[in-house]
Amino acid sequence: MIASDQISLDRSITDLRHEECKFWHYDETLPKASVIVVFHNEGWSTLLRTLHSIIRRTPTHSLAEIVLIDDASTKSHLGLQLENYITRWAGIVRLFRNARREGLIQSRSIGARHATWGEVLVYLDAHCEVGINWYTPLVTPIAKNRKTCTAPLIDYIDGNDFTMESQQGGDEDGFARGAWDWSLLWKRIPLNEREKSTRAHCTMPYRSPAMAGGLFAIDREFFFELGLYDPGLQIWGGENFELSFKIWQCGGTLLFVPCSRVGHIYRLDGWVGNPPPLHVGSQPTLVNYVRVVEVWWDEYKDYFYASRPETRSLDPGDLAPLHRFRREYRCKSFRWFMENVAYDVPLHYPLPPKNVDWGEVRGKGTSSCLDSMGRKDGGEVELGICHGMGGNQLFRFNEAQQLMQYDQCLTHSTDGRSVIVMHCNSSQYGHWQRNGNLFVQPSLGNCLDRTEDSGKLLLKACQAEAPSQQWEMNHVSGL
Ligand code: UDP
Ligand code: MN
């Protein structure tokens with residue numbers, strides 16, 4: 001904030017667009033937009049610079065309004081001071097306040113309801129700066145087809161010194177498609193040849209399987225037809241995937257627009273975001289993910305559960321209205337989506353082997369469990385008192401015969417004396433078999449064994465009856 005406060009709210013920015021972008025001609029009669037900015041305890045100058053940049057760089061005849069949704073902020077500068085400040089814009093900046101913290105997802109839906117002046121809704125985070133000629137290229141594809149949702153290319157504003165640069169990664173032009181890994185972490189993959197070959201010019205909009213979430217434009221009526229965001233999604237996380245899948249599977253298109261650029265201040269290291277309010281559970285993001293995969297992923301949801309077995313015990317709440325919507329709107333299957341749109345995601349994030357069993361691995365009849373102690377990449381696994389909390393004691397046994405924790409596989413050290421975890425892909429360290437209560441390494445004829453008193457794990461010649469070689473997996477979730 002100290003750095004931000006020293007920089008003009010109306011600063012000029014570097015034009016990061018591809019050279020070609022300067023030569024496109026666009027239709028001047030575009031639908032008007034309501035720009036919606038939701039915020040919770042944002043800093044003063046970063047929020048204000050967002051507004052200044054929108055007003056400065058959006059064609060006046062296209063900007064119907066800016067709708068601000070204050071998500072129960074407690075910082076004093078966001079009170080009267082903000083109300084007074086926005087009067088300078090003579091009513092086109094409208095401020096609404098949530099009575100209680102709703103989180104960014106529901107706040108965006110609330111914003112859609114208030115934003116009645118524009119035909120197109122444009123969402124931006126409260127710490128952005130829109131780029132030169134950002135609006136026209138972004139909204140043009142929506143004017144051509146109202147079931148198209150667009151997202152600008154998001155540039156990186158350094159939160160320490162406020163320099164702006166293009167995001168790393170992507171193809172040779174820096175263009176990436178939005179994607180996910182099977183635990184639903186956001187990923188970017190380079191724009192591929194098949195998508196490129198459908199376009200005459202490299203700066204034309206291109207299809208993306210998913211959006212990052214904070215910055216996009218959508219036809220207001222189309223967004224309402226889709227039911228806005230799932231009302232069951234809470235606070236933060238997964239809503240970008242919900243909307244992306246809903247758009248694609250229900251007859252829409254999601255495009256990234258290279259000639260529309262918006263800078264975003266990314267989280268600095270160590271900032272984990274505002275904690276969820278007390279009236280929601282402790283794991284809103286994971287529950288959101290479960291809702292998304294249960295509604296949209298069909299049989300692919302098993303790949304999510306394979307990556308995050310602990311979410312199986314979470315209660316996603318009532319999904320019936322969403323299933324009904326999906327049926328009535330005749331939305332397509334996730335398989336169709338994977339084959340036609342997101343076909344390149346598994347090339348970068350291979351489908352994980354499905355789990356056969358998961359939970360804590362407990363010495364049968366004892367209170368000792370396998371425990372990684374948080375170690376990885378060669379660290380030794382020990383026996384710890386079973387705590388039923390998952391975490392370092394949560395393992396999964398999968399179809400590729402791996403015994404895994406997170407992205408680590410259980411194996412033996414090179415001298416064969418201790419049991420360790422190593423980072424693995426789906427074809428490494430798959431050397432376990434379960435035989436009754438035994439964990440067997442068939443190639444060596446060894447079994448997972450323990451010395452109860454020293455808490456040490458070992459591998460020893462299998463003895464089917466040896467009590468120290470008996471294990472059971474309990475489905476503890478730790479949540
Ligand atoms: N936000 C909100 N309510 C919340 C959390 C966030 O209104 O409970 C706002 C926040 O001020 C920002 C937007 O939602 O304008 C996106 O949040 P954030 O920037 O923290 O997400 P990130 O970009 O880091 O994923
Ligand atoms: Mn943000």
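One-based numbering, in listed order, for ligands and for the atoms of each. Just so we're clear, the structure is a prediction, and the values are computed from it rather than from any experiment.
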Note to self: Tell me whether E102 reaches ligand 1 (any heavy atom closer than 4.0 angstrom to a ligand atom).
What the structure shows: no
In this structure, does ligand 1 have an atom that sits under 4.0 Å from one of the heavy atoms of G103? yes
Ligand 1 to A126, heavy atom cutoff 4.0 Å, flagged ligand atoms 15 (O)
- Do NZ/NE/NH1/NH2 and the carboxylate oxygens of E242 and R291 come within less than 4.0 Å? no
- Query: Side chains of S45 and S4: do they bring a donor and an acceptor to under 3.5 Å?
  - Reply: yes
- prompt: Does V38 reach ligand 1, in the sense of a heavy atom lying below 4.0 Å from it?
  reply: yes
Between D173 and D171 the two heavy atoms that sit nearest each other are N-OD1, 2.9 Å
Looking at D125, the N/O/S atom that lies nearest to the Mn ion (ligand 2) is called OD2
>> Tell me if the centroids of the rings in F223 and Y229 come within less than 6.0 Å of each other.
In response: yes
Do any nitrogen or oxygen atoms of N274 come within less than 3.5 Å of a nitrogen or oxygen of ligand 1? no
Between H264 atom NE2 and H127 atom NE2, the angle centred on the Mn ion (ligand 2) rounds (to 10°) to 90°
For H264, the atoms of ligand 1 under 4.0 Å from one of its heavy atoms are 23 (O)
Taking the six-membered ring for Trp, are H323 and F325 closer than 6.0 Å centroid to centroid? no
In ligand 1, the atoms that come under 4.0 Å of a heavy atom of E42 are 10 (C), 11 (O), 12 (C), 15 (O)
Here the gap from W297 atom CH2 to R335 atom CZ, rounded to the nearest 0.5 Å, amounts to 13.5 Å
Ligand 1 to R101, heavy atom cutoff 4.0 Å, flagged ligand atoms 4 (C), 8 (O)
Checking heavy atoms under 4.0 Å, the part of W236 that sits near ligand 1 is side chain
| Ionic contact status for K32 with E119, cut-off 4.0 Å | no
Tell me if the centroids of the rings in W248 and W296 come within less than 6.0 Å of each other.
no
shortest atom 20 (O) of ligand 1-to-protein heavy-atom contact is with R267 NH2, 3.0 Å
Within 4.0 Å of some non-hydrogen atom of H127, the atoms of ligand 1 are 12 (C), 19 (O)
